[in-house]
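Indexing begins at 1, ligand by ligand and atom by atom, following the structure's order. Heads up: numbering here begins at 1 and tracks the sequence.
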Amino acid sequence: MSKVFNFSAGPAMMPPAVLEKAQAELLNWQGLGTSVMEVSHRGKYFMEMIAECEQDFRKLFNVPANYKVLFLQGGARGQFAAIPMNLANKKGKALYLNSGHWSSTAIKEARNFTQVDEVNILNSDRTLRVEKMDFSDIAEQYDYVHYCTNETISGVEIFDVPNVGNAVLVADMSSDILSRQIDISKFGVIYAGAQKNMGPSGITIVIVREDLLGNARQETPSIWNYEVQAKSDSMINTPPTFAWYLCSLVFKYLLENGGLAAVEKRNLAKAELLYAFLDQNSFYKNYVAAENRSIMNITFTIDNDELNAKFVAEATAAGLQALKGHKVLGGMRASIYNAMPIEGVEALIEFMKKFEAENA
Ligand SMILES: Cc1ncc(COP(=O)(O)O)c(C=O)c1O
């Protein structure tokens, strides 16, 4: 088979070295003569694996000691409900910053559990730009302030952390976790589905400051209760063992390849290459302001539905997969998460040049 580059927004490509390792030890994990998915999650080997996995994740992402790291199920959408169930318990209201599809989906779910005040932080012009970042005057009236660091569909990323004074800041980092270094101490809770930068779908990481545990509403199901899960090694029910194992391999792989400083450098180089091409070109357009251009999901369009469809079909045939934009936005989207090599971006640019020459 000729070389394929997979630009899927999620589940997304995994580092090939990780898949090869998983393949090599699939039938005989740890010399046990069985695979990792066939052993007890409470057995010695699995418990050792998850302890090391958490240590590696903490090291990689520089997680402070006063935070718990939970490995849960139910995806980021599960957390859209778990966040208010665990946190909206003192003032009974939360502030949500709306920057697009995923933050508004989180708002809709949160309204089932608490009073939500919403601030639109995205301007409404053709060029998408996040405008308001200082909420220190109002934030403390709320149990927490929620935002999404990277809107996967539009390719809008928020690099500066909003100012919320001493209020609890909660972030959905599903599509940019582990893509760059951040100061975790500014956050009360960070959550993310694994399926973009950490592993396969089926596992969700929640990083929660310890002082926020123990306040869940009475009716909170145990699987969504952060305190219960923290006390049970994230195993109040049978965990997604194979997904957890694959995440552990991804964290090791990233640590062995320079950690997040090196990851961030590679990600910036890839994104700059593609945006530089888009900027010197008038055939393809990207409608995100420079300061909010995602380094993970790069959206572009030819502003012509027929040509967009032709582009996607011909790109797929050329081995450049999953470039179709999300149905709510149309156009194209190149998701270039950690595992995408720079050669994938170079191949995409070469294809874009060729397509323009044939169709402009
Ligand atoms: C930013 C963001 N939040 C939430 C979700 C929903 O994630 P899940 O399917 O894990 O519930 C996605 C999925 O793509 C996402 O990109």
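For ligand 1, none of its N or O atoms has an N or O atom of Asn150 under 3.5 Å away. For Ser175, no nitrogen or oxygen atom sits less than 3.5 Å from a nitrogen or oxygen atom of ligand 1, counting backbone and side chain alike. Checked against a 3.5 angstrom limit, the closest N/O atoms of Ala76 and ligand 1 fall inside it.
Between the side chain of Asn123 and the main chain of Thr127, a donor-acceptor pair closer than 3.5 Å is present. Side-chain N or O atoms of Tyr226 include none that pairs as donor or acceptor with a backbone N or O of Glu210 at under 3.5 Å.
Protein heavy atom in closest approach to atom 14 (O) of ligand 1: Lys196 NZ, 2.9 Å. In this structure, atom 3 (N) of ligand 1 lies nearest to the protein heavy atom Asp172 OD2, 2.6 Å. Among all protein heavy atoms, the one lying closest to atom 13 (C) of ligand 1 is Trp102 CZ2, 3.4 Å.
For ligand 1 and Thr152, the ligand atoms under 4.0 Å from any heavy atom of the residue are 1 (C), 2 (C), 15 (C), 16 (O). Heavy-atom contacts of Phe80 reach the following atoms of ligand 1: 4 (C) (cutoff under 4.0 Å). Near Ser174, with a cut-off below 4.0 Å to any heavy atom, the atoms of ligand 1 are 1 (C), 2 (C), 3 (N), 4 (C), 15 (C). Here is the list of ligand 1 atoms found below 4.0 Å of a heavy atom in Gly75: 10 (O), 11 (O).
Within a 6.0 Å radius of CG in Asn166, no more than 12 heavy atoms belonging to other residues, nucleotides or ligands are found.
Under the side-chain contact (heavy atoms from CB on, under 4.5 Å) criterion, Glu109 pairs with Phe80, Ala81, Asn112, Phe113, sequence neighbours left out. Every residue meeting the salt bridge (Lys or Arg N to Asp or Glu O under 4.0 Å) condition with Asp279, not counting sequence neighbours, appears here in chain and number order: Arg293.
Scanning His326, Arg77, Gln195 for the heavy atom closest to atom 10 (O) of ligand 1 points to Gln195.
Salt-bridge annotation for Asp143 and Arg217: absent, with no side-chain N of the basic residue lying under 4.0 Å from a carboxylate O of the acidic one. For the pair Lys310 and Glu306, the salt-bridge criterion is not met [side-chain N within less than 4.0 Å of a carboxylate O]. Ionic pairing of Lys354 and Glu358 is present here: one or more N-O contacts between side-chain nitrogen and carboxylate oxygen are shorter than 4.0 angstrom.
At a 4.0 Å heavy-atom cut-off, ligand 1 touches Cys148 through the side chain alone.
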